[in-house]
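One structure below.
Note that these values count all heavy atoms, side chains included, but never hydrogens, waters or copies made by symmetry.
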Amino acid sequence: MAAAPGVSYPDVFQIKTRTKKALERVLNRFEGRKDIVVDPDLMRPLDRLTGGASFLKENGVDKIFKLDRTDKNKSLVGCNRRMYLVRPKVNLIKIIADQISNEQLRGENRRYRIIMVPRKLFLCETLLEQEGVFGLCELDELDLDLLPLDADIMSMEAPDFFKSYYMDNDLTGLHTVSRGLLSIERIFGEIPNIYCLGRAGKMCYELLRRLSGGEKLITPDYPRSEIGHMFLIDREVDLVTPLCTQVTYEGLLDDMFGIHCACVEFGSEVTSKQQPVKVMLTSQDQMYDTIRNRHFTTVFDYLRSQAQTLQSLSDKRKDMKSVQDMKEFVANDLRQLNQQKANLSYHIGACEQIIGQKNKGDFQEYIQTEHSLLEGSSMRENVNYIEESINKQDSKLSCLKLLCLLSLTLDGIPSKEYKSLKTQFVQSYGFEHMITFHNLKKVGLLREQEVPAGSKVTAGVAAITRSSAFKSLRKRLNLIPTVDVDLRSPCDMSYVFSGAYTPLSCKLVEQVLQREGFLGLEEITRHLPGGVHDDIKLRTPGKGGKAMSNQPGRAAKVVLVYFIGGCTYSEIAALRFLGKQTGYQFIIATTSLYNGSSLLETVMEKSQV
């Protein structure tokens, strides 16, 4: 993953180094040998941060346990000091309080220390006090605001952020986002050009300025900045893109196997091994870096050529004529060759599984319906297809994604169709999904079309085809390409969705960078929920009144895009492509990485059966 010519990557792994040192300090505040109990949701981020259990052992950790959320009476055999590393959630703190109480009743005297990630909450302290264990444990916090996953990706690894902020209206996550932004500015310098899209973006910007107010110099040292532009994008601005079916290789891997902390776990169906194999998916793997952003239809050709190349390298052994040649081959090439062969076999196996999955059922008809919804065409046929899929009891997540797309592209589903589709869905998949529909309405994904007071209720095709905010954005931003896109050699970001749709979030980034602000985008920004705001410094008027950035050096071409509420691998691929086309270097930060299914699962009501 090469940077654009003349542009260097800011070393985002400095953030990882700072966080690792912070963890080391927190561990050593609890002197002596100790055990550590880790929140299951933090196991992967902790492993990614520390590189394995050896780091914990070096810092006095004797045994490592996973916090059992089902058995509060479970006895943990260990030493007389114990640390808990958990998210500050009430249900987890209650489990810890119960464990401490039960151990005290059994006469097990220990010292306890609870480390909350990313910060302590007064609500959790109050609960510990109510449970009568506040005096038995010490409290601490670990600032895990952002975790670098690759040279151009950072994540909070907080998949619950979407639900807590958009459904529960919990604003505490915004403080964590702002602290992460403050850490970035401390390392890379103050960012001169900031663009906020949506309510969450503007709130995080205001909070960032409050947090950094006491540290400001009289004259900000902008020439020291390594990042020239920052976008704070509220996920609410573009809820359509996460629901679209991903067709890049990295996106399909996430859909099919799940990528967590830049790591995927392949089972026996891919590796032909009894035990699952974990594979790191980063730019350090040159083969993966080459194919990760490609449209899936072009991946097999590359893997075939790589197989031929590796075979020719392997055949070099036949031409060796001396012991010295063999020695050099074993020392320099053999280990790397074997690793490349293993990775190649994993990717070929993964591709076979993806193809097998896509050949099942009516995948092509599903994609066609999805594209029709985005285009705003054949709406009656699309509704009929959704009804048929529900009645056949196809994947409920797939049906929900289409329902949400229908709602988002129309600014709500017409009342008659909404009630019919909702009734059919809950009868097919269970009446607990009455709550799912309520949750989806709260987060803005699925709702009934509102009829203005005093107007006649429209029904049928007229209501379905009426104008909407998405329709206006689609037209003004040309989100649907008018020409076919060559998927092997694409010229447009829409290739990430087979040339059918350009991600709205990425298109907005492109337009703002072209204009260096929101000037001239008024007709577009008025359709965006929450509005926009920019804070642009070091600017002088150019021709025609256009303002031009004076940000010196390479930093002017480095752009940080923070998705508040999560983002998809398709959006990352689109921004990487945009960087190659324009010469910008994009760094993506997000609260979490997900796909359409994992996004809906966070707000879907689980069956109690």
Side-chain angles (χ1 to χ4, degrees), residues 22-47 49-50 52-144 157-161 163-164 168 170 172-173 175-176 602 605-609:
L23 174 61
E24 186 175 5
R25 289 193 296 271
V26 168
L27 291 174
N28 290 323
R29 284 185 198 138
F30 209 27
E31 69 282 353
R33 306 298 298 176
K34 58 262 184 180
D35 302 324
I36 188 167
V37 182
V38 184
D39 177 359
D41 291 343
L42 287 172
M43 292 295 284
R44 287 192 179 98
L46 181 64
D47 186 59
L49 176 65
T50 62
S54 58
F55 174 83
L56 298 176
K57 299 289 185 182
E58 291 168 3
N59 287 277
V61 175
D62 191 25
K63 294 179 181 179
I64 304 170
F65 301 98
K66 184 183 292 187
L67 183 64
D68 192 335
R69 298 181 178 183
T70 59
D71 186 5
K72 63 183 180 181
N73 297 316
K74 185 175 181 179
S75 178
L76 302 178
V77 180
C79 58
N80 60 358
R81 297 181 183 88
R82 182 184 300 160
M83 305 180 80
Y84 289 91
L85 188 69
V86 295
R87 299 280 189 192
K89 298 179 181 178
V90 170
N91 61 323
L92 299 182
I93 300 300
K94 180 66 167 64
I95 291 171
I96 293 171
D98 289 341
Q99 282 189 358
I100 294 174
S101 297
N102 290 331
E103 289 180 358
Q104 291 296 307
L105 291 174
R106 292 196 295 266
E108 300 178 20
N109 294 319
R110 286 190 176 90
R111 289 180 57 194
Y112 301 97
R113 192 179 191 89
I114 302 174
I115 306 168
M116 300 187 199
V117 180
R119 64 191 182 106
K120 294 183 289 186
L121 292 183
F122 177 72
L123 180 64
C124 296
E125 296 182 30
T126 303
L127 178 61
L128 290 170
E129 191 170 357
Q130 290 174 348
E131 295 294 318
V133 297
F134 184 77
L136 300 174
C137 53
E138 304 170 39
L139 302 183
D140 209 334
E141 62 185 15
L142 174 65
D143 298 338
L144 187 58
E157 289 301 289
D160 290 339
F161 180 97
K163 178 178 181 292
S164 62
D168 301 332
D170 182 357
T172 54
H175 184 273
T176 305
T602 62
E605 184 67 16
K606 305 297 188 296
S607 175
Q608 302 299 317
V609 179

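The shortest side-chain heavy-atom distance between Leu139 and Leu128 falls under the 4.5 Å cut-off. For the pair Phe30 and Glu138, the minimum side-chain heavy-atom distance is below 4.5 Å. In this structure, His175 and Thr172 have side chains that are not in contact, with every pair of non-hydrogen atoms separated by 4.5 Å or more. The side-chain heavy atoms of Leu85 and Val26, taken from C-beta on, include no pair separated by under 4.5 Å. Two residues are said to be in side-chain contact when any heavy atoms from C-beta on lie closer than 4.5 Å; Leu46 and Leu23 meet this criterion. Using a 4.5 Å heavy-atom threshold, the side chains of Asn109 and Gln104 count as touching. Put simply, the side chain of Arg82 does not reach to within 4.5 Å of the side chain of Ile100, judged on heavy atoms. Between Leu76 and Lys63 the shortest side-chain heavy-atom distance does not fall below 4.5 Å.
Remark: Leu92 CG to Asp39 CG distance equals 5.0 Å, nearest 0.5 Å. Atom-to-atom distance recorded for Phe65:CZ and Asp35:CG is 5.0 Å, nearest 0.5 angstrom. Put simply, NZ on Lys94 and CD1 on Ile96 are 12.0 Å apart, with the number rounded to the nearest 0.5 Å.
Listed for the Lys34 side chain is a donor-acceptor partner under 3.5 Å among the backbone atoms of Leu27. Remark: side-chain polar atoms of Asp47 are not paired, donor with acceptor, to backbone N or O of Met43 under 3.5 angstrom. The closest donor-acceptor contact from the side chain of Glu129 to the backbone of Phe134 lies at 3.5 Å or more, if one exists at all. The main-chain N or O of Glu31 is found under 3.5 Å from a side-chain atom of Arg81 such that the two form a donor-acceptor pair. A distance-only check finds a donor-acceptor pair linking the side chain of Arg110 to the backbone of Cys79 [under 3.5 Å].
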Can Asn80 and Arg111 be said to form a side chain to side chain contact (heavy atoms under 4.5 Å, CB included), step by step? CA-CA 6 Å; Asn80 60 358; Arg111 289 180 57 194; over 6 Å; no
Do Leu42 and Val117 pass the side chain to side chain contact (heavy atoms under 4.5 Å, CB included) test, and can you show the C-alpha distance, the side-chain angles, and the key distance before you say yes or no? CA-CA 9 Å; Leu42 287 172; Val117 180; 4.0 Å; yes
Please lay out, stage by stage, how Lys89 and Asp41 fare under the test side chain to side chain contact (heavy atoms under 4.5 Å, CB included). CA-CA 12 Å; Lys89 298 179 181 178; Asp41 291 343; 3.6 Å; yes
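Heavy-atom neighbours of Lys57 NZ from other residues, nucleotides or ligands within 6.0 Å: above the threshold of 12.
Of all the heavy atoms in Ala53 and Ile64, the pair that sits closest is CB-CD1, 3.9 Å. Looking at every heavy atom in both residues, Thr602 comes nearest to Pro159 through CG2-O, 3.9 Å. Of all the heavy atoms in Lys120 and Glu141, the pair that sits closest is N-OE1, 2.8 Å. A pairwise comparison of heavy atoms in Cys137 and Ile114 identifies SG-CD1, 3.9 Å as the closest pair. Arg33 approaches Val61 most closely through the heavy-atom pair NH2-O, 3.3 Å.
When the options Arg87, Glu131, Met116 are evaluated for a side-chain contact (heavy atoms from CB on, under 4.5 Å) with Ile93, the one that passes is Met116.
Between Asp168 and Lys163, at least one side-chain nitrogen of the basic residue sits less than 4.0 Å from a carboxylate oxygen of the acidic one, meeting the salt-bridge criterion.
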